[in-house]
Amino acid sequence: MDQSKIRNFCIVAHIDHGKSTLADRIIEKTGALTDREMQNQVLDNMDIERERGITIKSQAVRMVYKAKDGEEYIFNMIDTPGHVDFGYEVSRSLAACDGAILVVDATQGVEAQTLANVYLALDHDLDVFPVINKIDLPSAQPQEVRDEIEDVIGIEAQDAPLVSAKNGIGIEDVLEAVVHKIPAPNGNPTAPLKALIFDSIYDSYRGVIVFMRVRDGVLRKGMKVKFMATGAVAEVVEVGYFGPGRFIPADELSAGMVGYFTASIKNIQDSRVGDTVTEVAKPCAEALPGYKKVMPMVYCGLYPADTAKYPDLRDALEKLQLNDASLFYEPETSQALGFGFRAGFLGLLHLEVIQERLEREYNLDLVTTAPGVVYKVYKTDGTSFELTNPSNLPDPSEIDYMEEPIVNGEIMVTTDYVGAIMQLCQERRGKYLSTDYIETTRAILKYELPLNEIIYDFFDALKSRSRGYASFDYELKGYERSELVKLDILINKENVDALSFIVHKDGAYERGRKMCEKLKGEIPRHLFEIPIQAAVGGKVIARETVRAMRKDVLAKCYGGDISRKRKLLEKQKEGKKKMRQIGSVEIPQQAFLSVLKLDEDN
Amino acid sequence: MKEVSLYIHIPFCIKKCLYCDFLSFPASEKVQESYFNALLHEIDSYKDKLSGYSVKSIFFGGGTPSLPNALWIKRTMDTLRSSYNLTDDCEITMEMNPATEAAEKLNIYRKAGINRLSIGLQSTNDTELKKLGRMHDYDTFLKCYEDARQAGFENINIDIMSALPGQSIDSYEKTVRRVVQLSPEHISAYSLIIEEGTPFYDMYGDEAETEYRTGENGDSSYLPTEDEDRQMYELTLKILEESGYHRYEISNYAKKDLECRHNITYWTRGNYVGFGIGAASLLENVRWNNTRVLASYTAYWNDNIGTYEDIICDREELDQKAQMEEYMFLGLRLVEGVSISKFEEYFGIKLIDVYNDIVKNFTNEGLLVINGDKLGLTKKGLDVSNYVMSEFLL
């Protein structure tokens with residue numbers, strides 16, 4: 001394959017600027033897909049993604065484009081996840097490309113993720129050219145946006161194609177720009193095989209399907225290959241390209257090509273994103289740079305609502321992990337919730353996606369405990385460990401000090417809301433770094449924020465305090481020492497382990513108070529009074545009481561129509577089934593979930 | 001001979017009360033006439049089916065059965081008499097709205113054979129009555145009550161309600177004491193329930209759903225707080241029992257031997273057949289409800305349009321499980337409780353074998369008590385009856 005006729009690229013954009021729609025149009029225009037085959041958004045083929053309008057797992061499509069110069073070009077378009085949780089996966093997808101199309105909304109202009117994604121692309125030495133989308137909207141300001149791109153990002157934008165991906169306007173210009181502005185690959189086809197893994201999926205018939213970009217050399221059917229980081233070795237069964245919505249087998253993939261291979265690999269852990277594939281018989285000297293093993297950032301307990309469904313949950317997690325090397329889980333036991341799992345995720349969105357898939361695809365009713373981050377605990381005996389479950393925190397007397405993860409956050413916001421956002425960051429224990437004005441009306445606020453302050457509802461708070469104008473991006477900075485305490489919740493004097501969590505000591509009272517209030521609303525009355533207490537280190541800092549149930553309403557049971565009475569009793573009985581017994585108190589499962597949403601009422 | 005009770009539903013009212021979610025509505029005389037014609041057809045149509053039964057009680061409920069021309073009630077009574085075997089001491093109750101009263105109506109009822117009145121007083125406080133959307137005031141009620149006695153009614157029930165908007169404990173106590181003064185044979189005391197779909201729900205729904213009501217004593221815009229509701233309930237018990245009434249059912253009090261037989265039929269799962277729209281029936285372990293649609297009902301009985309199936313809904317043959325559940329949760333409404341031996345007699349299995357754990361737990365908690373052959377709620381159990389009853393669902 002002549003490398004000069006190959007273009008490997010991705011599309012980057014701020015959320016909702018039209019990335020997926022543009023991808024659809026490009027696929028359409030290259031004629032690789034008939035109208036009938038054309039699903040609304042071909043690249044996003046998971047239900048959840050579609051509903052949320054974001055792309056989670058990266059995928060690639062190979063297209064054939066006949067350019068105005070009369071030549072046929074192969075386009076490999078690699079889709080990247082659109083959420084900060086998947087930052088590492090994004091970086092590996094970018095590393096598999098030679099250039100990127102930057103989509104900017106003609107009505108919104110440059111936003112936080114626009115910048116973050118462009119910088120990320122530039123960091124990977126990609127050639128980036130801008131495309132201005134949504135020019136059909138009455139509020140479109142293409143010239144202003146062009147100027148802004150040049151001013152803020154510093155890339156040439158005066159000849160940026162003006163498009164409406166939705167209406168199919170200007171797509172031809174984009175395709176020509178891909179040919180002319182994105183460099184062709186320049187790998188060495190005769191060197192030893194060196195291919196970058198940017199994704200993989202599990203197929204129950206073929207095992208792991210590895211998605212990769214061949215840098216140098218050739219990958220052939222029957223070749224014995226090695227995964228350099230994991231050390232796994234396998235024999236290639238099939239190689240091929242990504243047709244739109246399907247795999248197209250081929251004999252080989254040569255330098256510059258993007259495609260897949262299968263090799264009867266059973267464990268997705270063997271083919272990690274970012275790893276380098278080489279030939280066993282003729283290995284390359286060194287692996288491609290940039291590989292790292294992704295570590296979960298957020299942990300929570302996952303328990304089946306029906307305790308008998310524990311094996312089902314285990315099977316479901318096993319199956320999900322086949323496709324998701326970054327999902328971590330191990331069994332744990334809670335006094336309150338019984339047998340379940342402690343699961344680790346890349347971020348809160350990843351957690352929610354997994355939770356939804358478990359509920360939707362595997363029909364499981366889950367009780368999830370409050371998500372927490374990984375803390376480092378240094379004990380007085382000189383040892384240390386990473387804490388993922390608050391219940392495992394040793395007695396305060398055994399703790400020398402603790403560290404928590406800190407992120408570098410960038411918030412782009414219109415100047416009207418700078419005050420409100422700064423206040424929010426302060427409330428979340430943010431450390432102010434700087435304010436950069438990118439134009440007279442917009443600023444980038446830089447803060448160091450503890451990760452545990454942003455995993456709950458930071459995005460929501462940000463949106464509501466800026467009327468939706470603020471956008472946020474972050475990356476992990478490292479660990480810092482912090483005054484952390486474990487907040488315990490006692491219901492009727494019994495510690496409910498599933499409700500414990502780690503919090504900064506200054507926020508403990510507020511958090512404890514809110515938890516108690518929320519739980520009071522969730523726990524039905526019993527025949528006795530139930531104290532709900534929040535405690536730190538055995539000292540009660542907040543308390544509410546669920547009063548004793550003393551009297552039912554005396555309803556009229558009219559004309560012998562007992563159906564209403566029966567319904568009322570059935571409802572009462574049904575409600576009881578969904579309860580967890582803690583000591584002599586029955587707690588609705590809902591209560592465990594509701595404490596995750598403490599700030600909702602604000 | 002087997003026994004049956006009959007219920008007659010008269011769905012008409014002058015205007016709907018703000019808290020009412022029963023099947024009732026204002027209607028023209030023409031509509032009323034057509035309804036009664038249909039009703040008479042329906043009553044007559046069951047005479048073969050019920051020929052082996054003697055009727056031990058009849059209850060005219062509504063709506064406001066005292067609203068239509070009293071002659072319709074007379075005609076209905078005539079039909080009932082000609083179609084069924086009424087026992088000599090058949091209890092025949094008529095619900096009475098004081099606002100519809102006229103002395104001569106009462107005389108017609110009495111002559112037609114009605115021997116018990118149930119008068120919806122609700123409160124003796126005129127402001128509270130107004131807030132409920134009732135059409136009468138306390139004086140109107142008093143006149144109605146006196147006229148009833150005058151007409152020869154010797155068995156009268158008075159309905160009162162607690163937890164009304166703007167009601168204070170004092171004003172409730174006044175209502176109870178005034179009612180006791182009148183010395184009716186029977187008193188029903190309910191709490192106001194804010195039902196969805198009523199104007200009250202829009203006015204007070206949010207407040208009623210808050211567990212801890214914030215209303216202040218006497219503030220007219222609030223429902224009484226839970227504690228006040230509770231005190232009203234305690235007051236009812238105390239005053240009525242001091243005054244010679246005994247509580248025989250969760251919300252019903254009577255002088256000795258003057259319990260409402262018709263009501264007891266419901267709680268003991270006796271046979272009953274309901275006539276008129278929306279009326280409920282239980283006959284030999286089959287439950288059904290009549291259609292709630294007036295037009296379908298009159299079309300079928302007057303003009304033979306449609307099928308019998310069209311005007312019957314929710315027909316259900318109760319299996320043993322449903323029967324046992326009902327036996328328990330209905331029977332427990334009676335203060336004396338359910339009969340343990342009759343349970344075994346009906347179902348061929350011991351009550352304790354079916355409900356062992358529940359009975360054990362609740363007797364330990366002091367909510368249920370076994371007294372000879374009777375298993376009943378304790379005073380504490382009566383307070384939280386729904387909580388206990390729901391456990392008897394299998």
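Note that the structure is a prediction, hence the values are computed from the model and not measured.
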Using non-hydrogen atoms only, which part of [X] is less than 4.5 Å away from chain A: side chain, backbone, both, or neither?
X        : value
B/Glu365 : side chain
B/Phe392 : neither
B/Leu282 : neither

**Over all atoms of both residues, closest heavy-atom pair of A/Asn389 and A/Glu332** = ND2-OE1, 2.6 Å
**Prompt:** Picking from B/Glu325, B/Arg287, B/Met389, which has the most non-hydrogen pairs under 4.5 angstrom with chain A?
**Reply:** B/Arg287
**Asked** With a 4.0 Å cut-off, would you call A/Arg513 and A/Glu510 a salt bridge?
**Response** yes
**Prompt:** Any Lys/Arg nitrogen of A/Glu570 or A/Arg566 sitting under 4.0 Å from an Asp/Glu carboxylate oxygen of the other?
**Reply:** yes
**Request:** Check side-chain hydrogen bond (donor to acceptor under 3.5 Å, both in side chains) between A/Gln355 and all other residues, then give those that pass, not counting sequence neighbours.
**Result:** A/Thr368
